[in-house]
Amino acid sequence: MKTTTFGNHLHPALEQLHRNTCLWIGHMNPGPVDHLAGQTFQCPQDGSLSKIQVYSIAVSHPGKMILTLHEFDKQRKNWGQILSSAEIEVNESDEENWMEFPLQAVQLHKDNTYGFRLKSPDTLVAIGEAAWP
């Protein structure tokens, strides 16, 4: 992850610079299992979060992706209540692209840990991520 500041302009607070694996999210027909994914992060400074972008490697077919933002308790490894959420429609044209989830702005606090979860009830999407600690 990398922290970037540009004065008072809106900017990414965290960026994942590399991807060396993918994580499948969603529902594979005809199986009964839904594949969920999440990522946690420590907030580098106080600020407002209004969107999260994730990189899509593959989309099986059109469907709905849902992102929820939570506080995360590192000691207990517990996800807190939903702070904000977004739902987008995805299709095959989203492959090899950043998918943007617009959120109702949420105030985040320096050094607190937060996380987001991704799920889909009706499609299967591969998300690029880094596999090392």
Side-chain angles (χ1 to χ4, degrees):
M1 296 281 189
K2 173 183 145 185
T3 304
T4 309
T5 56
F6 298 104
N8 292 330
H9 302 302
L10 293 175
H11 63 277
L14 297 170
E15 295 177 352
Q16 184 168 313
L17 299 177
H18 304 283
R19 66 175 171 88
N20 63 355
T21 190
C22 71
L23 183 62
W24 287 95
I25 298 163
H27 187 81
M28 187 181 314
N29 291 333
V33 177
D34 286 330
H35 299 274
L36 306 176
Q39 183 172 3
T40 62
F41 60 94
Q42 186 170 355
C43 190
Q45 63 188 36
D46 287 344
S48 180
L49 179 66
S50 60
K51 68 180 172 182
I52 293 177
Q53 293 178 306
V54 296
Y55 191 76
S56 166
I57 296 173
V59 177
S60 65
H61 56 274
K64 178 175 26 177
M65 289 287 296
I66 302 164
L67 180 141
T68 54
L69 176 69
H70 307 257
E71 282 196 55
F72 187 77
D73 183 335
K74 290 191 303 188
Q75 284 12 39
R76 296 186 179 123
K77 299 196 185 309
N78 284 342
W79 295 85
Q81 67 182 18
I82 295 173
L83 301 174
S84 191
S85 65
E87 182 178 303
I88 63 171
E89 293 293 323
V90 298
N91 59 52
E92 292 87 347
S93 68
D94 291 309
E95 288 182 8
E96 300 284 329
N97 274 313
W98 288 96
M99 298 187 309
E100 184 173 305
F101 293 85
L103 299 167
Q104 183 174 357
V106 168
Q107 189 67 28
L108 303 184
H109 303 286
K110 182 178 180 172
D111 298 329
N112 284 7
T113 302
Y114 300 91
F116 63 89
R117 289 176 158 174
L118 291 163
K119 64 181 180 178
S120 176
D122 55 6
T123 189
L124 194 62
V125 177
I127 301 296
E129 68 172 13
W132 59 86

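All figures in this text were calculated on a predicted structure; none of them were measured in a lab. Sequence positions, counted from 1, serve as the residue numbers for this chain.
For Ser84, the side-chain hydrogen bond (donor to acceptor under 3.5 Å, both in side chains) test picks out no residue, with sequence neighbours left out. In this structure Ser56 satisfies the side-chain hydrogen bond (donor to acceptor under 3.5 Å, both in side chains) test with no other residue, sequence neighbours excluded. By the side-chain hydrogen bond (donor to acceptor under 3.5 Å, both in side chains) test, Asn97 pairs with no residue at all, sequence neighbours left out. Listed by chain and residue number, nothing satisfies the side-chain hydrogen bond (donor to acceptor under 3.5 Å, both in side chains) test with Gln104 (two or more places apart in sequence, or in another chain).
Listed by first and then second residue, the salt bridge (Lys or Arg N to Asp or Glu O under 4.0 Å) pairs involving residues 70-81 are Asp73-Arg76 (not counting sequence neighbours). The salt bridge (Lys or Arg N to Asp or Glu O under 4.0 Å) analysis of residues 37-59, with sequence neighbours excluded, yields the pairs Lys51-Glu100.
Here the CD-CG distance, from Gln107 to Asn112, works out to 11.0 Å after rounding to the nearest 0.5 Å. Atom CG of Leu83 and atom CG of Leu69 lie 5.0 Å apart (nearest 0.5 Å). Here NZ of Lys64 is found 7.0 Å from CD of Glu89. Values are rounded to the nearest 0.5 Å. If you take CG on Asn91 and NE2 on His61, they are separated by 11.5 Å, rounding to the nearest 0.5 Å. A distance of 7.5 Å separates OG of Ser48 from CG of Leu108, quoted to the nearest 0.5 Å. Distance check, rounded to the nearest 0.5 Å: CZ of Phe41 to CZ of Phe116 gives 7.5 Å.
Linking Ile, Leu, Val, Met, Phe, Trp and Tyr whenever their side-chain heavy atoms come within less than 4.5 Å leaves Met99 and Leu36 in two separate clusters. By the rule that hydrophobic residues join a cluster once side-chain heavy atoms approach within less than 4.5 Å of another member, Val106 and Leu103 end up as members of one cluster. Grouping the Ile, Leu, Val, Met, Phe, Trp and Tyr side chains by contacts below 4.5 angstrom, directly or via other members, places Leu23 apart from Phe72. Note: the hydrophobic cluster containing Ile82 does not contain Leu67 (ILVMFWY, side chain heavy atoms under 4.5 Å, direct or indirect links).
Smallest separation of non-hydrogen atoms from Cys22 and Ile57: CB-CD1, 3.4 Å. Of all heavy-atom pairs spanning Thr123 and Pro62, the tightest one is CB-O, 4.1 Å. When every heavy atom of Ser85 is checked against every heavy atom of Thr68, the shortest pair comes out as CB-CG2, 3.9 Å. Minimum heavy-atom separation, Pro102 to Ala86: O-CB, 3.0 Å.
His109 is listed as a side-chain neighbour of Tyr114, based on a closest heavy-atom distance under 4.5 Å.
Annotation: Trp79 is in aromatic contact with His70 [ring centroid separation under 6.0 Å].
Ser60 places a side-chain N or O within donor-acceptor distance of the main-chain N or O of Leu124, the cut-off being under 3.5 Å.
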Could you please spell out the steps behind the side chain to side chain contact (heavy atoms under 4.5 Å, CB included) verdict for Cys43 and Lys110?
CA-CA 5 Å; Cys43 190; Lys110 182 178 180 172; 5.7 Å; no
Is there a side chain to side chain contact (heavy atoms under 4.5 Å, CB included) between Met65 and Ile25? Walk through the geometry before answering.
CA-CA 9 Å; Met65 289 287 296; Ile25 298 163; 4.0 Å; yes
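Within 6.0 Å of CD on Glu92 lie more than 12 heavy atoms contributed by other residues, nucleotides or ligands.
In the model, Tyr55 has a side-chain atom that pairs as donor or acceptor with a side-chain atom of Glu96 under 3.5 Å.
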